[in-house]
Each structure stands twice: as structure tokens, then as C-alpha cells.
Amino acid sequence: MSPDLHFRNAWIARNILPHEPTMRRFLARQLLPPGIDEEDVVQEVYGRLIEMPSLGDIRNPRSYMIGLARNIVLMHLRRARIVAIRSLEEMAETHFAADDPSPETQASDRQQLHLLAQAIASLDEPARSVFLLRAVDGLPYADIAHRLGLSENAVQKRHARALEQFMMLLGRDGNAPAHATPLQSQTCKASNDERA
Amino acid sequence: MMNEREASGDISRRAAELAVSFDAGSLSSADRIEAEAWLQRDIRHRGAFARAQAGLIHSRKAAAVSTFDTDRYSTTNDLSPVEVSVPDTHARIAPPTRRRFIALGGSAAAMAVIGIAAFGVTTIASTQAYATALGETRVIQLGEAARMTLNTDSRVLVKTQGRSHHVALEHGEALFEVVSGRGASVLVDTGTSVAGSTGGSFAVRKTQDMPLQVLVQSGDVSLSDGTTQSSKAIHLTANQRVIADLGTGNIVTPLSQDKVDHELEWRNGLLAFEDETLFDAAREFARYSSVSIEVSDPSVGQQTITGLFDARDPRGFAQSAALSLGMRVQNYPNAVRIEP
């Protein structure tokens, strides 16, 4: 991986991930056009973020993320030609509810570790074992495969699932999403074939 | 292309798989090209991928939870870290270099055309200076078989000839990782000493507040006196630290695996302290931030603290320290003071 990319990813881990729950709480209060869910917007926010030439210039990552999210929702609303004037007006006037942490307060290092530990503890087995052996002990996949009696491929797949679940919990402060598992298309298999 | 809009859950799934494959270094060139194309298709793909990669980096902080004894962390509030059971850790194996070097192969030109630097390699001129600001960490690839990670407030001059990299460390701290068996070598010249390796991972620290320090994480490192050009060199291996003291000469100390890991937590933007005095901790934090940590009197400064902290958050550290020592903090524009 290019060194700049690694630094960028580490910067995101430190300055953006902790604010994802706040951004999701903001999105939960917005009207989204049909076909666009919260996850779509979140992914697009990250996508926009990494297009910036210099992340280090962002003074207040939390506000910046919310701002990006708001703009993306507005853009989609316009595109969908939803003439819900009210929702656009409401968007413009959005201010943070009293229960949101103030901009100056970021979860302390210990609080973040606590959240992280909780997210990991919520993982099912054997996903959690794979996740920890990799994250804490840094074992090569071959070693993990040997220990758990699985193929390396299977271990990587489990790690990917565990990572997905971990991200989901982190992004929502440890709460599973209100509705069922994130939207997964029925035509998943078809799309995989197409991609080849 | 699909007609209907791809579901976000599918994207998250693919992004996680890609992040894991990338981290494992298990992508074939065909895989890489396909991944590149997938990333290019949709901004959400790129976003989800960056997010998943950040998630992987963040997951490594779990090492902090299982490394520290939670009893030492007792506070009056209920934020004590949750003990996470880590299976099978009876023997703590020295982790190999966590991030794999990915040799690019022939698709470099194709990627330049696509324009997304997801797999780019930074080409460096034969002599190049690198520097980091206060609180900044920077990773610089040195050819295909070596890498340098610069810590805060550091400056180096790198001269590369083929696979040999000569690094003049002007000030600061850096970790050097050299993949063995590739014919690569890294020589680090601090002015008074030269540390080199053709296969290993070692950190060199040259800062004003302490004597020169070389820490070996793995592999083999040779250390020689740079001034007298004598041929006498010390051979160092994993988990050894050398402190070059002008008075007593080089002192080689064996360290525990945990201690070595703590010393390198700065790569994750963290500082690990174990029974460190507030004085020393404050001095360490001063390397990363212009917000200084002060103590009201020497007796406070001698109090010790243990834990893992965000290197760029001195105020957070002061708060945590005060909390666990039953003290309080006073915040000032450019300082934070701990007092009884």
C-alpha cells in the first residue's frame, strides 16, 4: 500500500470513525429519498472525504462529516425531484439536538477503548477469535487457519465478516441497527457474475 | 452494468473482504485489477473501502485492552475497560510485520492510467528529505523491500542507490522495516552511530531529551560507532534496546515483548506508559503537541501513571491521570496543569 494511503487510513481511524455514530444520529432525523438508505450516505461521505487532497486541513472533522452528509442528502433529494419543500427547509435549519455531545467533547481515549472492547465482545464465535488473533496477536492467516482447523480462505472470509460486524457496531455506538441486517440485494449472486 | 442501484449492504461486504485481502497480501494481479475497477465504479465503493481499512487499523487498538491489567485502571466512574477474552494467548508470539509489502507487478502502468492511487508506490528521487510536524506520523516506502515510519517532529535525509538506502537521521524518531532476502539494506546514520540491517525491524531515536536509542523489534541489526569508524560493531536481535551513553558506552538491554510493543505504539498514534512519572509522561507528550502538561509541584510530578493514551491529546491524558490519581486539572490556552 502506498505510504500516503496508510497514513490517510490511520488518520480516518483516529479522527473520523469516532464521529460516525453522531453522523448516523443526524441522518436518522433526515428524510431520505426512496432507494437511498443511511448506509449509502455514510459510504458516500467517506468517498467524498478521501477525495480531499489534504485531510489534515480539516479543522473540525465532526462538523465536516455532518456537513458532507447534509449536502449529499440534499443532492439526492434534488435528484429524486422530491418536492418536499418542508424537508429541504428543515434540512437547512438543522441544528444539533441537546443530547448530542458538544463539538469540544470527543470520547476520551479510555471511552473509545471501552467502545471498541464492547464491539469486539459482541462478535459471535468463531468470528471473534479470528478477529482478535489477527488484531491483537497479528498472527498470519496461515497460523490462524492451522489453529482453528480451517482453510486460509475460510479464515479470511470470517475475518471480513467480523470486520463488517465490528464496523457496524462501532458506527452505531454498540447498537445493532433498528431494522434488520443492512440492505443486501436479492440479486447479489447475479451481480457477482456480472462483475467477472 | 447493473440497472438497479447496488445495495449498500453488498458494498459494505465487498469492501470488508477487499480490506482483509489487501491486508493479508493475498491478491493476485488479476484480483488487483478487478478490485481497482470495482473501486473506480462508484464513490460509495471507495468510501466503504477506506472505511473498512480504517476499521482494521482501529481494531488493532484491541491490543491495548488485553495488554493492560484492568485492576490498575480502577477509577470512580464505570469506564473501566472491558476485559475481552483472547483465546489461546498462552505464548505471546512476536507479531510479524503486520502490514505486508505488496510487490506491484506489471499492472503499474494500467493503474497510472486509471488514476486511482490505491496501489501506487511512491517513487523517490535518489536523495530526498522527509520531515514530520508536531504530532504527525508518516510512512515512506523505500523501494519494494523496505519501509520507514517517521514519528513526530522528525527529519531525515534518504539517499537511495539501487536497493541500498542510506538514511541520515537529523533529529526525531523512526522505525525501519527491511524485508530479508530481497537484497535490500538500510543504514541509519545519526552522526554518532550507524545502525543497519538487511532484514529486520528497528527503531532509532535521536531526541534532545535523552541519549541515542536503538530498539530492535525483529531480525538482525548491526550497530557501529560512526565517529571513530572503527570496525567494531554490535550485533542486535529481537527485543533488544541499546542506549548510547557517552559516559558508559553502549548498553544493551533485553526487553519483554510487551515493552517493545509499548515503545512502538506511537505508530498507532498512542503512547503507552507503565509506572511512568507524570514528569516523564509530560516530557514525552511535549514531542507531539504544543499544548504542554504541567504539574503544580514536584511531588505531583513524581506520581506514576499506567495506561495507553492518544499521543495528540495531552488534555485527555491530564484528565485521565488526574482522575486516577485523585487530582484535578486546570486548562489554559496552551497548557494543562495537574494539581491536587
Requested in this report: Could you look at A:Arg8 and say if it's the side chain, the backbone, both or neither that has a heavy atom under 4.5 Å from chain B?
Outcome: side chain
**Report entry** is_close_aromatic(B:Phe273, B:Phe317), centroid dist under 6.0 Å
**Finding:** yes
Report summary line: Sequence neighbours excluded, the answer for ring pair (Phe, Tyr, Trp, His ring centres under 6.0 Å) partners of A:His159 is A:Phe131, A:Tyr141
Query raised in the report: Are side-chain N/O atoms of B:Asp31 and B:Ser28 paired as donor and acceptor at under 3.5 Å?
Result: yes
**Report entry** Portion of A:Glu51 that has a non-hydrogen atom of chain B nearer than 4.5 angstrom
**Finding:** side chain
Query - Heavy-atom contact with chain B under 4.5 Å, split by part of A:Glu38 - result: neither
Report task. Name the region of B:Ala19, side chain, backbone, both or neither, that has any atom closer than 4.5 Å to a heavy atom of chain A. Result -> side chain
Requested in this report: Nearest 0.5 Å please: distance from the CG atom of A:Leu116 over to the OG atom of B:Ser59.
Outcome: 7.5 Å
Query - Residue part contacting chain B, namely of A:Val41, when any heavy atom lies under 4.5 Å - result: neither
Query raised in the report: So which part of B:Arg312 gets closer than 4.5 Å to some heavy atom of chain A, the side chain, the backbone, both or neither?
Result: side chain
Query - Heavy-atom pairs under 4.5 Å with chain A, option from B:Thr149, B:Thr137, B:Ile11, B:Val20 with the top count - result: B:Val20
Report summary line: Whatever's closer than 4.5 Å to a heavy atom in chain B on A:Ile12 counts as both
Query - B:Arg60 and B:Asn268: side chain donor to acceptor below 3.5 Å - result: no
Query raised in the report: A:Met167: what forms a side chain to side chain contact (heavy atoms under 4.5 Å, CB included) with it, not counting sequence neighbours?
Result: A:Leu17, A:Leu163, B:Arg51
